[in-house]
Amino acid sequence: MSRIKRVLVAQLLVAVVGGLAVLAVAGKDAALAGVFGCLTATANAALLFVRMRSDWRKQGADADRHLKFFIRSSFERFAVVVSLLIVGLVGLKLMPLHVIAGFIVGQAVFLAASIGVKERE
């Protein structure tokens with residue numbers, strides 16, 4: 001399995017297991033909010049991996065173009081995360097604390113899985 005797939009599978013696994021744990025402890029609404037937050041972090045990671053695999057190498061050795069690509073990609077990821085969080089909090093009226101907690105857990109899993117995968121290779 002590729003490094004990218006391992007990280008995304010780890011995030012999805014934590015979203016499912018964490019959702020079931022929160023469901024048992026705090027109920028359906030809290031579990032749904034936590035899973036939504038974790039899936040938002042997974043979407044952020046997936047977009048990062050898509051940008052990593054895109055054709056940035058075709059831009060040549062121009063540092064200015066690479067910097068513009070990096071900044072544009074960062075803003076795109078930020079916009080996606082903010083949009084998804086707004087949809088969850090305002091549109092779906094999910095529990096804010098659980099959405100943010102799920103997002104933080106998803107980001108922590110991304111960091112831990114990324115470090116763990118690099119150490120094994």
Side-chain angles (χ1 to χ4, degrees):
M1 188 181 311
S2 74
R3 178 178 12 181
I4 293 170
K5 286 181 184 175
R6 284 185 207 148
V7 171
L8 293 176
V9 165
Q11 282 185 303
L12 292 174
L13 184 65
V14 166
V16 170
V17 172
L20 291 174
V22 173
L23 178 66
V25 173
K28 185 179 89 171
D29 292 338
L32 184 62
V35 168
F36 185 86
C38 198
L39 291 179
T40 300
T42 304
N44 183 32
L47 189 56
L48 175 65
F49 290 136
V50 166
R51 283 302 187 192
M52 284 173 53
R53 290 188 170 258
S54 67
D55 58 344
W56 63 271
R57 289 180 190 97
K58 294 179 183 176
Q59 297 180 26
D62 185 13
D64 187 48
R65 290 181 71 187
H66 283 282
L67 181 62
K68 287 178 183 176
F69 180 79
F70 171 75
I71 291 171
R72 186 182 72 226
S73 297
S74 299
F75 279 122
E76 287 174 355
R77 289 178 40 233
F78 181 76
V80 166
V81 168
V82 168
S83 299
L84 286 173
L85 290 176
I86 288 172
V87 165
L89 296 173
V90 176
L92 300 175
K93 298 191 186 325
L94 297 174
M95 302 169 82
L97 181 63
H98 293 90
V99 171
I100 300 301
F103 180 75
I104 291 170
V105 168
Q107 287 295 102
V109 169
F110 169 73
L111 290 173
S114 297
I115 291 169
V117 168
K118 288 192 185 258
E119 287 179 357
R120 281 185 261 154
E121 291 181 356

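Keep in mind that the numbers below use all heavy atoms, side chains included, and drop hydrogens, waters and symmetry copies.
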Practice item. Go through the steps for Phe49 and Val7 under the test side-chain contact (heavy atoms from CB on, under 4.5 Å), then give the verdict. Key: CA-CA 10 Å; Phe49 290 136; Val7 171; 3.9 Å; yes
Could you tell me which residues satisfy side chain to side chain contact (heavy atoms under 4.5 Å, CB included) with [X], sequence neighbours excluded, listed by chain and number?
X: Val16; answer: Leu20
X: Ala41; answer: Gln11, Phe103, Gln107
X: Val105; answer: Val14, Val109
X: Val80; answer: Leu47, Leu84

[X] side, atom [atom1]; [Y] side, atom [atom2] - distance, nearest 0.5 Å:
X: Arg3; Y: Ser114; atom1: CZ; atom2: OG; value: 8.5 Å
X: Leu32; Y: His98; atom1: CG; atom2: NE2; value: 11.5 Å
X: Phe110; Y: Leu8; atom1: CZ; atom2: CG; value: 8.5 Å
X: His66; Y: Phe70; atom1: NE2; atom2: CZ; value: 13.0 Å
X: Asn44; Y: Phe78; atom1: CG; atom2: CZ; value: 10.5 Å

Practice item. Report the hydrophobic cluster partners of Ile104, with the cluster defined as I, L, V, M, F, W, Y residues connected by side-chain heavy atoms closer than 4.5 angstrom, directly or transitively. Key: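 Ile100, which link up through side-chain heavy atoms under 4.5 Å apart, make up the rest of the cluster.
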Check your understanding: Which hydrophobic side chains are connected to Val22, either touching it within the sub-4.5 Å cutoff or through other members that do?
Key ->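 None; Val22 is a cluster of one.
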**Study point:** Which atom of Cys38 lies closest to which atom of Gly106, heavy atoms considered
**Key:**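 Smallest interatomic distance, heavy atoms only, reads SG-CA, 3.7 Å.
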Exercise for review: For residues Gly19 and Val35, report the shortest heavy-atom separation together with the two atoms involved.
Suggested key: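 Of all heavy-atom pairs spanning Gly19 and Val35, the closest is CA-CG2, 3.6 Å.
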Are [Y] and [X] connected in a single hydrophobic cluster, I mean Ile/Leu/Val/Met/Phe/Trp/Tyr linked by side-chain heavy atoms less than 4.5 Å apart?
X: Leu111; Y: Met52; answer: yes
X: Val99; Y: Val81; answer: yes
X: Phe75; Y: Leu67; answer: yes

Practice item. Would you please test Asp29 and Leu94 for side-chain contact (heavy atoms from CB on, under 4.5 Å) and show each step? Key: CA-CA 7 Å; Asp29 292 338; Leu94 297 174; over 6 Å; no
Check your understanding: Please, which pairs that meet salt bridge (Lys or Arg N to Asp or Glu O under 4.0 Å) have at least one residue in residues 75-90, sequence neighbours excluded?
Key ->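 Output for this query lists Arg51-Glu76, Arg72-Glu76.
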